[in-house]
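See below for the structure under consideration.
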Amino acid sequence: MVRVRFAPSPTGNLHIGGGRTALFNWLFSQSNKGKFILRIEDTDQERSKKEFVDEILYSLKWLGFNWDEIYYQSQRFETYRKYADNLLKSGLAYIEKSPEGKEAIIYKVPAKKINIRDLIRGEIEFDSSLIKDQVLIKSDGTPTYNFACVIDDAEMEISHIIRGDDHISNTPKQVLLYEALGFKIPFFAHLPLIMGIDGGRLSKRTGATAISDYRKNGYLSEALLNYLLLLSWSPGGNREIIGIEEAVKLFDIKTVNKTSATFDLKKLDWINNQYLKNADPEKLADELIPLLEEKKFITKEKFDRGNLLDLVKLFQARLPRLNDFVDWADFFFLDEPVMDEAAVKKYLDTGNPLLSKAFGLFVQSLDNLEEYEIVNIESAFRQLVADLGMEAKQLIHPIRVALTGKTIGPGLFEVIYYLGKERSKKRLLKWVR
């Protein structure tokens with residue numbers, strides 16, 4: 001049976017690179033009807049923190065990765081020591097004492113050629129004569145990464161190790177330990193690095209932030225998963241939007257690209273927008289409510305869910321990130337809009353008396369509407385600009401700025417409708433001289 005593992009270290013949050021590694025492991029297990037094992041590599045007792053464990057588990061669940069088994073290396077120290085003692089007894093390892101008298105167990109590396117067939121990169125050859133003897137158990141009694149990793153992978157019957165290519169240098173060291181301990185060597189697949197848009201290593205500036213931060217910043221889990229999929233893999237046919245269920249059916253580890261992937265936030269925003277367009281407004285509203293409460297735009301005591309759903313539907317096709325709704329739609333929740341000074345100067349402070357007259361007449365038109373509906377609002381507007389001999393754009397932009405404080409947004413007539421007649425009139429009359 002296929003058994004893969006994702007093995008994060010809780011010395012920090014789960015980031016994009018780890019998220020993609022988890023995804024490709026999970027996909028491989030699902031597409032082969034195998035098991036997805038989660039192993040928390042918390043042997044660094046000083047740097048490992050519970051809050052990082054919690055964040056990693058939370059992020060994996062948010063992405064939809066349900067693990068079949070979970071292990072903590074900190075609970076397995078006796079197991080590692082047992083295998084180290086066996087290597088000592090067989091003469092394959094020796095003890096080295098520190099100046100303080102503490103003992104470390106060291107593996108004697110034999111000189112030999114090591115060949116592995118990487119499922120992504122093909123044949124890779126290593127010369128172990130270039131590798132120094134390997135510490136198995138440190139003088140403080142804790143196991144080293146490579147030693148614990150090999151024992152766990154063997155005992156957990158991991159069949160395929162899918163990880164980043166920054167681990168390629170660990171592979172020959174681990175192969176030697178597999179052989180020394182008499183373990184079956186698993187298959188390896190090393191994923192290419194993810195680079196920033198500037199061509200350098202991924203950094204916080206270019207996208208290397210925690211997975212949990214992407215959720216906080218308004219990305220949908222389905223969109224982030226879709227984007228992570230495209231970092232070194234493609235469903236074919238120049239497709240860029242693919243659901244996870246279809247990806248499970250199509251995924252083949254051997255078709256993963258060897259070259260580095262480039263993380264592009266603009267591309268992620270575009271994909272997120274595609275998912276937001278088709279998302280359930282009820283679900284989006286649930287995500288937005290705490291953000292709007294935090295801004296004091298709504299309170300639990302004064303809150304019209306139906307109105308919020310209408311606004312979500314009005315904006316969702318335009319949003320790159322869900323959180324942008326809070327800034328883009330603020331004029332619906334504030335008594336007075338926050339005015340863009342450059343927009344005011346360009347469209348309202350023009351000294352044109354016709355603009356003031358048009359605003360006044362449009363307010364009258366709104367007052368005279370028998371039914372305050374979007375189609376009637378637009379009809380009144382079209383009639384007014386025709387009567388005044390103006391082009392529609394000469395009045396659309398100034399009205400938009402007066403009502404919203406912004407130069408862009410949803411359709412003007414929808415804005416006027418959802419603002420309501422009285423608020424729209426009040427904001428327009430402010431500019432009638």
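Note that the numbering runs from 1 along the sequence shown for the chain.
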Aromatic plane relationship, Phe77 with Tyr80 - under 30° parallel, 30 to 60° tilted, over 60° perpendicular: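 Answer is tilted, since the angle falls between 30° and 60°.
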Close side-chain approach of [X] and [Y], heavy atoms under 4.5 Å:
{"X": "Ile416", "Y": "Ser424", "answer": "yes"}
{"X": "Ile105", "Y": "Val135", "answer": "no"}
{"X": "Val2", "Y": "Lys35", "answer": "no"}
{"X": "Leu87", "Y": "Phe147", "answer": "yes"}
{"X": "His397", "Y": "Val401", "answer": "no"}
{"X": "Ser9", "Y": "Asp42", "answer": "no"}
{"X": "Ser128", "Y": "Phe126", "answer": "no"}
{"X": "Phe183", "Y": "Leu177", "answer": "no"}

I'd like to know if [X] pairs up with [Y] as an ion pair, taking the criterion as any Lys NZ or Arg NE/NH1/NH2 lying under 4.0 Å from an Asp or Glu carboxylate oxygen.
{"X": "Lys102", "Y": "Asp140", "answer": "no"}
{"X": "Glu41", "Y": "Arg5", "answer": "no"}
{"X": "Asp310", "Y": "Arg305", "answer": "no"}
{"X": "Lys283", "Y": "Asp286", "answer": "no"}
{"X": "Arg427", "Y": "Glu336", "answer": "no"}
{"X": "Glu287", "Y": "Arg215", "answer": "yes"}
{"X": "Glu422", "Y": "Lys425", "answer": "yes"}
{"X": "Arg321", "Y": "Asp324", "answer": "yes"}
{"X": "Glu414", "Y": "Arg400", "answer": "no"}
{"X": "Glu157", "Y": "Lys184", "answer": "no"}
{"X": "Asp68", "Y": "Arg3", "answer": "no"}
{"X": "Asp85", "Y": "Arg81", "answer": "yes"}
{"X": "Asp330", "Y": "Lys406", "answer": "yes"}

Sub-3.5 Å donor-acceptor pair from the side chain of [X] to the main-chain atoms of [Y], do we have one?
{"X": "Asn146", "Y": "Gln174", "value": "no"}
{"X": "Asn273", "Y": "Ala317", "value": "yes"}
{"X": "Asp166", "Y": "Leu193", "value": "no"}
{"X": "His15", "Y": "Asn13", "value": "yes"}
{"X": "Glu55", "Y": "Leu14", "value": "yes"}
{"X": "Ser29", "Y": "Trp26", "value": "yes"}
{"X": "Asn323", "Y": "Lys216", "value": "yes"}
{"X": "Gln316", "Y": "Leu276", "value": "yes"}
{"X": "Tyr227", "Y": "Asp264", "value": "yes"}
{"X": "Lys267", "Y": "Thr262", "value": "no"}

Reference residue Phe315; test ring-ring contact (aromatic ring centres under 6.0 Å, His included); the match among Phe325, Tyr418, Trp328: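 Among Phe325, Tyr418, Trp328, the one that satisfies the ring-ring contact (aromatic ring centres under 6.0 Å, His included) with Phe315 is Phe325.
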Option among Leu230, Asn226, Leu229, Thr255 that satisfies the side-chain contact (heavy atoms from CB on, under 4.5 Å) test with Pro235: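 Option passing the side-chain contact (heavy atoms from CB on, under 4.5 Å) with Pro235: Leu230.
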Steps toward side chain to side chain contact (heavy atoms under 4.5 Å, CB included) verdict (Leu176, Lys112): CA-CA 10 Å; Leu176 289 170; Lys112 60 184 293 186; 3.8 Å; yes
Within the supplied structure, the quantity of interest is the number of heavy atoms (other residues, nucleotides, ligands) at a distance under 6.0 Å from [X] [atom1]; does it exceed 12?
{"X": "Glu294", "atom1": "CD", "value": "no"}
{"X": "Lys61", "atom1": "NZ", "value": "no"}
{"X": "Asn66", "atom1": "CG", "value": "no"}
{"X": "Phe187", "atom1": "CZ", "value": "no"}
{"X": "Glu245", "atom1": "CD", "value": "no"}
{"X": "Leu334", "atom1": "CG", "value": "yes"}
{"X": "Glu51", "atom1": "CD", "value": "yes"}
{"X": "Lys173", "atom1": "NZ", "value": "yes"}

Working for salt bridge (charged side-chain N to carboxylate O under 4.0 Å, His left out), residues Asp269 and Lys266: CA-CA 5 Å; Asp269 285 349; Lys266 289 183 179 178; over 6 Å; no
CA sep, side-chain torsions, deciding dist, call: Asp152, Arg39, side chain to side chain contact (heavy atoms under 4.5 Å, CB included): CA-CA 9 Å; Asp152 287 344; Arg39 186 168 75 225; 3.4 Å; yes
Full working for side chain to side chain contact (heavy atoms under 4.5 Å, CB included) between Trp67 and Ile37: CA-CA 6 Å; Trp67 49 87; Ile37 314 304; over 6 Å; no
Donor on one side chain, acceptor on other, Glu69 and Tyr71, under 3.5 Å: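 Checked: Glu69/Tyr71 side chains pair up, N/O donor to acceptor below 3.5 Å.
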Derivation of the side chain to side chain contact (heavy atoms under 4.5 Å, CB included) call for Leu92 and Lys108: CA-CA 6 Å; Leu92 298 177; Lys108 292 188 291 189; 5.8 Å; no
Check: Phe251 ring centre within less than 6.0 Å of Phe24 ring centre: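 Ring centroids of Phe251 and Phe24 are less than 6.0 Å from each other.
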Output field: ring centroids His167/Tyr145 closer than 6.0 Å: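 Under 6.0 Å, so yes.
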CA sep, side-chain torsions, deciding dist, call: Phe413, Phe381, ring-ring contact (aromatic ring centres under 6.0 Å, His included): CA-CA 9 Å; Phe413 310 114; Phe381 175 85; 5.4 Å; yes
Full working for salt bridge (charged side-chain N to carboxylate O under 4.0 Å, His left out) between Arg121 and Asp165: CA-CA 10 Å; Arg121 300 177 177 279; Asp165 66 4; 2.6 Å; yes
